[in-house]
Amino acid sequence: MRTGNEPVTARSPLRLRLGLGVWGLLWALAGTIAFALVGRTGWAIACGVLFLVVATDVVMIVRHMRQGARYQPGRDVPPFEPSRPGRDGRPWRRRGGPPPQP
């Protein structure tokens with residue numbers, strides 16, 4: 001049963017993201033080492049920061065892969081933001097912000 005407008009055959013691209021992340025880790029590490037050996041400190045720092053960002057992304061991707069396809073958050077996390085009634089008492093939908101307060 002579908003719950004929204006998602007495609008019926010939707011797949012998560014986690015394996016592709018993991019592969020690209022590992023590729024980015026290798027290039028960022030190589031850039032950090034190469035620029036450090038040449039004496040370009042600024043570029044070495046930039047590649048090092050990029051390495052840390054990509055490493056964090058790879059860790060999050062692996063975490064999501066281990067959670068599995070049917071992962072659901074705990075009971076304390078609602079599936080959506082509860083609707084609040086508008087001025088006329090009917091529920092309103094968010095379109096650029098909350099309605100003005102009376």
Side-chain angles (χ1 to χ4, degrees):
M1 180 169 137
R2 294 183 61 203
T3 59
N5 60 355
E6 68 272 11
V8 178
T9 58
R11 299 272 183 200
S12 176
L14 289 177
R15 277 191 229 135
L16 176 64
R17 280 184 57 199
L18 180 63
L20 291 173
V22 170
W23 182 252
L25 278 175
L26 294 174
W27 275 103
L29 182 62
T32 303
I33 292 170
F35 284 123
L37 290 176
V38 174
R40 306 284 268 182
T41 311
W43 283 105
I45 291 172
C47 287
V49 169
L50 182 63
F51 178 83
L52 292 176
V53 170
V54 174
T56 303
D57 186 43
V58 167
V59 167
M60 294 304 296
I61 292 168
V62 170
R63 180 175 176 257
H64 284 286
M65 289 175 80
R66 288 188 179 192
Q67 286 176 342
R70 304 285 182 219
Y71 171 74
Q72 295 293 318
R75 290 184 176 267
D76 57 335
V77 178
F80 54 87
E81 183 179 340
S83 63
R84 292 172 276 183
R87 289 185 180 180
D88 57 357
R90 295 183 353 202
W92 57 275
R93 290 190 287 170
R94 177 169 280 183
R95 290 190 181 145
Q101 297 296 326

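These numbers were taken from a predicted model, which means no experiment stands behind them.
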*Asks:* Could you see if I33 belongs to whatever hydrophobic cluster contains V54? Use Ile, Leu, Val, Met, Phe, Trp, Tyr and a side-chain cutoff under 4.5 Å.
*Replies:* yes
*Asks:* side-chain hydrogen bond (donor to acceptor under 3.5 Å, both in side chains): which pairs involve residues 45-55, sequence neighbours left out?
*Replies:* none
*Asks:* Starting from L20, walk the hydrophobic network (Ile, Leu, Val, Met, Phe, Trp, Tyr; side-chain heavy atoms closer than 4.5 Å) and list everyone else you reach, by chain and number.
*Replies:*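 Same cluster as L20: L16.
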*Asks:* What residues form a salt bridge (Lys or Arg N to Asp or Glu O under 4.0 Å) with R17, not counting sequence neighbours?
*Replies:* D57
*Asks:* Applying salt bridge (Lys or Arg N to Asp or Glu O under 4.0 Å) as the test, list every pair that has at least one member in residues 19-32; sequence neighbours left out.
*Replies:* none
*Asks:* Return a table of donor-acceptor pairs under 3.5 angstrom between the side chains of residues 39-50 and protein atoms on other chains or two or more places apart.
*Replies:*
none

*Asks:* Are V22 and L14 connected into the same hydrophobic cluster when the rule is that any two of I, L, V, M, F, W, Y join if their side-chain heavy atoms are below 4.5 Å apart?
*Replies:*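 Yes, one cluster joins them.
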*Asks:* Quick one: side chains of residues 23-31, donor-acceptor pairs under 3.5 Å with protein atoms, not counting sequence neighbours, listed by atom name and distance.
*Replies:*
none

